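Presented below is the structure to which this report refers.
In the text below, chain A, chain B and the rest are named by the order of the sequence lines, each starting its count at 1. Remember, it's a predicted structure, so these values are computed and weren't measured experimentally.
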Number of protein chains: 2
Amino acid sequence: MSSTVKSSRRRRSDGLRTYDVIVNAAADLASREGLESLTIGSLAAHLEMSKSGLFAHFGSKEELQLATIEAARKRYVAAVLEPVMKASPGLAQLEVLCARTIDYLAKPEFPGGCFFVTAQAGVRAKAGNVRDAVLSNKNYLRRQLVRTVKAAQARKELASGVDPEQLAYQLVAVMDAASWSITGEHRDTDLKHAARAVRDILRSARSRGR
Amino acid sequence: MSSTVKSSRRRRSDGLRTYDVIVNAAADLASREGLESLTIGSLAAHLEMSKSGLFAHFGSKEELQLATIEAARKRYVAAVLEPVMKASPGLAQLEVLCARTIDYLAKPEFPGGCFFVTAQAGVRAKAGNVRDAVLSNKNYLRRQLVRTVKAAQARKELASGVDPEQLAYQLVAVMDAASWSITGEHRDTDLKHAARAVRDILRSARSRGR
DNA sequence: CCTACCGATCGGTAGG
DNA sequence: CCTACCGATCGGTAGG
């Protein structure tokens, strides 16, 4: 793309490029309805653009989906992972990681809960680049929890008998369940259930092996 | 429908009526890909029928979806709830309910995990009869867990300080997470994580308030 | 970024 | 249970 094209690109009053407006709107919609039920036509209508005008930014539906995933990843990093990196390694990071994840659901950063929880459901059955990108992002939280649990054990902040994979499974399960509830009637009570479950699970992991 | 039409209906060699073949195939497919991505054309092709021949059994896509939900409900009742009703009320029923649910995932009764877990994700955003039917079935397990926990507390089999809603939330979360894993690479380890999580959660609820 | 299209597939109908 | 259709919408293209 030439610099002439770049410099002539119109800017929105909020300073966001059209491209960013599109992918962030797509991420919001996909967090509610799933990545696979996003259609170019309905997204264009939502943004009051022509289908082909929107399409021209991406070249294929798969590229639109991959760009949407990348936009969602950046928002997840800013809302959850950057605050975690400011905490000290070990148990403090583990607690911040869970607290930030629940806040990210409660805020809500995405209107349908965690983008990657919703997206995983829709792409699970269809092999391809979109599924791979969603799953590698979705699995990041769990792998990071395992690493952080091991760091906390090395610092004697968690009992050595705790199985890091088991603990991570259980923490992810209670937080993902809250993501599914976020658009439902039990939204507020389930956010409290998730926060209390995290607290109970971590308390148990501090005091004894599991 | 006249009895003449009924008696002339051909039977399959396995004794199942075409209607039952259709709705059970639809339930299997929907457990993997979601109720909303079921199309009449792809289901007909899978069953080697014409679209309109299949369609004639239902009259609308919504009726096909509702009939599929009902077929899945019957399979869930036979696999999980009937064994539970044979156990004694209270803690025994609570343990059987969790054990049967995990076996129902592991068997697997549906190739994509629990039909209602997968279906809930796809119908969450679209109000209507289909969403209502899926959610009321999906919520049944949780309500039943709450009732059974209360019965176990009344019999002094679980600590009275346990919050039944909190316990049910946590049990459903760890079992639903295994359902999402059932088509993935962590299938077997996550089934073990779910079973162990159930055991730890129930052990904790037996010995102390949460 | 637009209008005007393309073939394929969607849910559904007519008629048998 | 079938063939032959219908209008609407899908992802995508041509051309500007």
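In this structure, the separation between NZ on A:Lys86 and CZ on A:Arg100 is 10.0 Å, given to the nearest 0.5 Å. Rounding to the nearest 0.5 Å places CG of B:Asp190 at 9.0 Å from CD of A:Glu165. Atom CD1 of residue A:Ile201 and atom CD of residue A:Gln166 lie 9.5 Å apart, to the nearest 0.5 angstrom. Here the straight-line distance linking atom CG of B:Asp200 with atom CD of B:Gln170 works out to 10.5 Å at 0.5 Å rounding. Put simply, OG on A:Ser136 and CD1 on A:Ile69 are 8.5 Å apart, with the number rounded to the nearest 0.5 Å. For the atom pair A:Glu33 CD and B:Glu36 CD, the distance stands at 10.5 Å (nearest 0.5 Å).
When the P atom of D:dG12 is taken as reference, atom CG of A:Leu43 falls 14 Å away, rounded to whole Å. Between the CG atom of B:Leu54 and the C1' atom of D:dT3 there is a distance of 16 Å, rounded to whole Å. Look at CG on B:Leu47: it is 13 Å from C1' on D:dC1, rounded to the nearest Å. Atom C1' of nucleotide C:dG15 and atom CZ of B:Phe55 are separated by 15 Å, given to the nearest angstrom. Rounded to whole angstrom, the span from the CG atom of A:Leu38 across to the C1' atom of D:dG11 amounts to 13 Å. Between A:Arg17 atom CZ and C:dC1 atom P the separation is 11 Å, expressed in whole Å. In this structure, CE of B:Met49 is placed 14 Å from C1' of D:dT3, rounded to the nearest angstrom.
A side chain to side chain contact (heavy atoms under 4.5 Å, CB included) with A:Leu145 is found for one member of A:Leu167, A:Leu97, A:Thr101 and no other, namely A:Leu97. Partner A:Tyr140 forms a side chain to side chain donor-acceptor pair (under 3.5 Å) with one of A:Gln144, A:Arg143, A:Lys138 and no other, that one being A:Gln144.
Shown here is B:Lys192, whose NZ atom has no more than 12 heavy atoms of other residues, nucleotides or ligands within 6.0 Å. Within 6.0 Å of NZ on A:Lys74 lie no more than 12 heavy atoms contributed by other residues, nucleotides or ligands.
Taking the six-membered ring where the residue is Trp, the centroids of B:Tyr76 and B:Tyr104 are separated by under 6.0 Å.
Remark: DNA chain C takes part in the stems C:1-16 with D:1-16, each of 3 or more antiparallel Watson-Crick or G-U pairs, criterion distances under 3.5 Å.
Candidate nucleotides D:dG11, D:dC1, C:dG12 were compared by shortest atom distance to the side chain of A:Ile40, and D:dG11 ranks first.
Residues of residues 58-69 of chain B having a heavy atom closer than 4.0 Å to DNA chain D: none are found.
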Summarise how protein sits on nucleotides 4-9 of chain D as a single string, 5' to 3': B when a protein heavy atom is under 4.0 Å from the base, S for sugar-phosphate-only contact, - for no contact. ------
